[in-house]
Amino acid sequence: MDHAAEAQRTDLMTITRHVLNEQGRHPESRGDFTILLSHIVLGCKFVASAVNKAGLAKLVGLAGETNVQGEEQKKLDVLSNEVFVKALVSSGRTCVLVSEENEEAIFVDPALRGKYCVCFDPLDGSSNIDCGVSIGTIFGIYMIKDKDNVTLGDVLQPGTNMLAAGYCMYGSSCTLVLSTGNGVNGFTLDPSLGEFILTHPNIKIPKKGKIYSVNEGNAKNWDVPTEKYVEKCKFPQDGSSPKSLRYIGSMVADVHRTLLYGGIFLYPADQKSPNGKLRVLYEVFPMSFLMEQAGGQAFTGKQRALELAPTKLHDRSPIFLGSYDDVEEIKALYASESSTA
């Protein structure tokens with residue numbers, strides 16, 4: 001047995017150690033946020049295990065109900081939602097939860113309330129479960145001013161108020177990407193230890209990328225700026241090489257690739273979905289927060305994505321996010337469109 005190598009394995013930056021180090025930078029902190037994150041991490045581990053066993057345990061396939069978005073629910077969606085609701089409530093640090101799977105906000109029993117609101121999509125991309133494509137959990141965390149008198153209005157905050165955001169991707173490995181407002185870090189689950197280990201410290205998205213990611217099947221319904229941008233990606237007029245198209249159809253996987261390799265992810269509004277397709281509170285805001293923290297941008301076609309003010313729990317928005325320069329290009333196209341309109 002190589003004792004030196006084994007000793008080295010105990011000197012790893014786990015996600016718990018990382019979050020405690022962050023907590024140390026805030027002397028006034030009482031550890032509530034750290035406890036909340038540890039419950040989110042536990043939920044991610046549980047879902048990762050369930051996803052790995054899905055085919056064997058007959059968790060794949062439809063559960064027979066339709067969720068509030070009109071999507072047929074998969075058994076794993078149902079399970080993941082229950083896991084995260086229970087993990088977050090039992091932390092004793094949340095007062096209200098917003099899940100993609102629940103039509104109404106979940107107000108926590110007063111005896112178990114804390115000061116945080118968590119908005120989450122328990123299993124994004126779940127239509128891909130059956131074919132083994134990466135899926136994931138997305139979450140965003142807010143502070144609530146008065147936990148004893150929390151209302152729906154307290155939940156409908158702009159993304160600029162978000163304290164932390166992240167996603168956990170269940171793919172060839174299980175990767176958790178997190179930002180607490182001080183840069184972005186990526187952790188990979190070591191199954192032999194049951195711990196998330198820091199593998200991608202201080203992620204910075206390249207200033208410009210070579211990849212664009214969009215569902216081109218919707219092209220006939222696009223607006224003019226999106227059409228022009230995608231045309232420019234494929235047939236650049238400045239002598240540069242065309243961009244490569246990569247589209248998985250699972251937001252967590254597409255954004256993860258964009259974050260690491262650069263480029264742009266687009267889910268524009270179109271004639272079929274004039275308000276876009278992705279939900280503001282638990283898809284657009286967390287991913288936009290991570291992109292900005294990594295040095296990129298997120299834009300809705302009208303404004304900075306994090307400055308949106310949602311009016312309903314399941315509000316939708318168009319989104320363009322990714323490398324700073326790539327998003328600048330689409331912003332310029334929208335600006336020239338509105339000046340000629």
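FYI, the numbering just counts along the sequence from 1. What you see is a predicted model; the values in this text were computed from it and never measured.
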Open item on the list: Set out, in order, the CA-CA distance, both residues' side-chain angles and the distance that settles ring-ring contact (aromatic ring centres under 6.0 Å, His included) for H18 and F187, then state yes or no.
Closed with: CA-CA 10 Å; H18 174 80; F187 304 83; 5.2 Å; yes
Task: Pair listing, salt bridge (Lys or Arg N to Asp or Glu O under 4.0 Å) test, anchored in residues 202-214, at least two apart - done: K207-D325, K208-D326, K208-E329
TODO: Using only heavy-atom distances, determine whether the side chains of N218 and N221 contain a donor-acceptor pair under 3.5 Å.
DONE: no
Task: F285 versus L308, closest heavy-atom pair with distance - done: CZ-O, 3.4 Å
Task: Ion pair E292/R304, N-O distance below 4.0 Å - done: yes
TODO: Sequence neighbours left out, what pairs pass side-chain hydrogen bond (donor to acceptor under 3.5 Å, both in side chains) with at least one residue falling in residues 131-144?
DONE: T137-Y170
Open item on the list: Hydrogens and angles aside, do N182 and T180 bring a side-chain donor and acceptor to less than 3.5 Å of each other?
Closed with: no
TODO: Sorted by first residue and then second, give each side-chain hydrogen bond (donor to acceptor under 3.5 Å, both in side chains) pair with at least one member in residues 249-258; sequence neighbours left out.
DONE: Y167-H256, S213-D254, S213-R257, D254-R257
TODO: Assess whether side chain to side chain contact (heavy atoms under 4.5 Å, CB included) is satisfied between V118 and V98, documenting all intermediate values.
DONE: CA-CA 6 Å; V118 183; V98 177; over 6 Å; no
- [ ] For D109, enumerate each residue passing the side chain to side chain donor-acceptor pair (under 3.5 Å) test, keeping only those at least two apart in sequence or located in another chain.
- [x] none
Task: Residues forming a side chain to side chain donor-acceptor pair (under 3.5 Å) with Q157, sequence neighbours excluded - done: N161
Task: side-chain contact (heavy atoms from CB on, under 4.5 Å), paired with E283, selected from I319, V252, L278 - done: L278
Open item on the list: Could you tell me if K331 and Q297 have a donor-acceptor pair between their side chains, going purely by distance under 3.5 Å?
Closed with: yes
Task: Non-neighbouring partners of Y334 that pass side chain to side chain donor-acceptor pair (under 3.5 Å), sequence neighbours left out - done: D223, T226
- [ ] Inspect the surroundings of NZ in K277 and state if more than 12 heavy atoms from other residues, nucleotides or ligands are less than 6.0 Å away.
- [x] no
Open item on the list: Between T34 and Q23, do the side chains contain a donor N or O and an acceptor N or O under 3.5 Å apart?
Closed with: yes
Open item on the list: I'd like to know if the side chain of S49 pairs up with that of K53 as donor and acceptor (distance under 3.5 Å, no hydrogens or angles considered).
Closed with: yes
Task: Candidate pair L198 and T188, rule side chain to side chain contact (heavy atoms under 4.5 Å, CB included), full reasoning - done: CA-CA 7 Å; L198 180 65; T188 303; over 6 Å; no
- [ ] Check the side chains of N202 and N185 for a donor-acceptor pair under 3.5 angstrom, ignoring hydrogens and angles.
- [x] no
- [ ] With rounding to the nearest 0.5 Å, note down the distance linking CG in L123 to CG in L79.
- [x] 9.0 Å
Task: Salt bridge K228-E231, side-chain N to carboxylate O under 4.0 Å - done: no
Open item on the list: Regarding K234 and E216, does a basic nitrogen lie under 4.0 Å from an acidic carboxylate oxygen?
Closed with: yes
- [ ] Please state whether the rings of Y247 and F265 are parallel, tilted or perpendicular, taking 30° and 60° as the class boundaries.
- [x] parallel
